[in-house]
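In listed order, ligands and their atoms are each counted from 1.
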Amino acid sequence: MKKEIRLRYAPSPTGKLHIGGARTALFNYLYAKHTGGKFIIRIEDTDLKRNLVDGEAEQIDNLKWLGVEPDYYPGKSDNHEELALLRQSERTSIYQEYAQKLLEQGHAYKCYCTKEELEIEHQAQKDAGVKSPKYSKKCLLNHIEKPGAPFSIRLKMPANKDIFWNDGIRGKVTVNSDEIEDWVMIKTNGIPTYNFANVIDDYLMKITHVVRGEEHISNTPKQLYLYELFGWEAPTFVHLTVIIGENNKKLSKRDTSVIQFISDYRERGYLPKAIFNFLSLLGWSPKTEEEIFGKEQLINLFTFEGCSKSSSKFDLDKLKWTNNYYLQLLSKEEAFSFLETFLPKEIKTKYSLETQKEIVELYRPQLKEGIELNELASIFVKPKIMLEEERNYFENEAKVKEISQFILENINSVEWTIEPIKAFIKTLGKALEIKGKHLYQPIRLMLFGEEHGPALSELLLLLGKEEVIKRTNEQS
Ligand code: GLU
């Protein structure tokens, strides 16, 4: 029987779903689906102190929202047998069992050294000119069992051994074991380190491809050596290149000038399809000029050959453009149910449902983020405060008095639909002998407090006759 292809996204629940994490999850997902395989979420929660209370739920919920649907994830009721426990915190005894095997075989040893002792030894080696000092040297030299004393378990790395793999993006990568210290597999508190638990889990969960960020390249030789010791077939490793910001530096979660969490984009009114499409092109290319791809298309096209070897730039304008594109594909009903929440609250009580829908339609063509609707539509609640320049023009140059007088005298007989409203504005212009800017600008400023916006007749229609009268009175 052919082996099932399995990929996993293995976040630590120490933070919210980040653009980089979402991209990693997406590429794992696309490849799994491309090959008819399975996509799994495993939670690497061994750093108990750093775990967020909702970290796990936040990651899973936002991935599902994006459409990166896992086949198996922690807590799912029908998880496959070997995927029943997908939280590392539930698997401590499993790791200890495997560590024990390596201890018995002499491939690992107990380390009783304190952090300070190791630091001193490390420094001494550095001072003596050792290129890659190993923390463990002292520990090996003075190695004695200390019954009852706390210890960690370290892997004994072999001397001068080339460890290599054929990376799905980078080709052959080789690291010499002399560059790797005798790393800790199990900490003094009995909890495994990332490198150890990761390998045991990938093996037991029958993971065939490990797709992750390039910051993990230095971990791969450590992990590969474990596969060798246990006599296990290693998965294919694929290391994605970094995502950089406008400043050409790696996106850092600490940089608050860039929104980096998926939940924030979600709150700002991005469609999941738009983010899905955008993320797929962040380090992967179908080698065409096209920018718009649906999920099925991406699943068909995605392979690691299309993954970039250089870093990819996070281009917020492109994300906004993509979101605007997808917003236009929605039906009127869909657009309303997605964007409704961004309408100013007062609009919900002041206008009929049909008018609310039309207000959304009025602005939809220009929206990049749903949240922009809040500010744009606020003129239906109350006019904006004019800018100084606008106020100067309005008070000193425009025929405000005449315009408002004409409106108040004639508006009652106007049928409140689009064509009669257009005709009404025209008649007003003719009567007062003003046109173009001199006609439209004062009316816009008087009723809405801003010079530009969607078609004036549409604005008037939606604002409603009564409100037009009220605002005209307030300005005259
Ligand atoms: N928990 C690791 C991380 O969040 C997973 C790395 C891996 O995929 O092996 O970076």
Point to revise | Nearest candidate to atom 10 (O) of ligand 1, where distance is taken over non-hydrogen atoms, out of His216, Arg212, Gln223 | key: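 When every heavy atom of His216, Arg212, Gln223 is considered, His216 comes closest to atom 10 (O) of ligand 1.
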Practice item. Of the side chain and backbone of Tyr194, name the one, both, or neither that has a heavy atom under 4.0 Å from an atom of ligand 1. Key: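 Under 4.0 Å from ligand 1, Tyr194 contributes side-chain atoms alone.
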Practice item. Return yes when atom CD of Glu233 has more than 12 non-hydrogen atoms of other residues, nucleotides or ligands closer than 6.0 Å, and no otherwise. Key: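 Check fails, neighbour count at 12 or below.
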**Study point:** Other residues, nucleotides, ligands: >12 heavy atoms within 6.0 Å of Lys38 NZ
**Key:**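 Buried by this count: over 12 neighbours within 6.0 Å.
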Practice item. Note the single closest protein heavy atom to atom 8 (O) of ligand 1, along with its residue, its atom name and the distance in Å. Key: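 That would be Arg8 NH1, 2.7 Å.
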Exercise for review: If you have a sec, work out which protein heavy atom is nearest atom 5 (C) of ligand 1 and how many Å separate them, to one decimal?
Suggested key: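 It is Ala10 O, 3.2 Å.
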Taking only heavy atoms of [X], which atoms of ligand 1 are found under 4.0 Å from at least one of them?
| X | answer |
| --- | --- |
| Glu44 | 1 (N), 2 (C), 5 (C) |
| Asn198 | 7 (C), 9 (O) |
| Ser12 | 1 (N), 4 (O) |

**Study point:** Flag side-chain contact, heavy atom, 4.5 Å: Asp201 against Arg42
**Key:**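 Asp201 reaches Arg42 side chain to side chain.
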**Study point:** Within the 6.0 Å centroid threshold, strictly below: Phe230 and Tyr203
**Key:**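 Ring-ring flag for Phe230/Tyr203: false, centres at least 6.0 Å apart.
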Check your understanding: Sub-3.5 Å donor-acceptor pair from the side chain of Asn160 to the main-chain atoms of Ser177, do we have one?
Key ->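 Not confirmed, Asn160 side chain does not pair with Ser177 backbone.
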Review point. Can a salt bridge be assigned to the pair Asp315 and Lys318 using a cut-off of 4.0 Å between side-chain N and carboxylate O?
Key: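 Here Asp315 does not pair with Lys318 in a salt bridge, since their nearest N and O are not under 4.0 Å apart.
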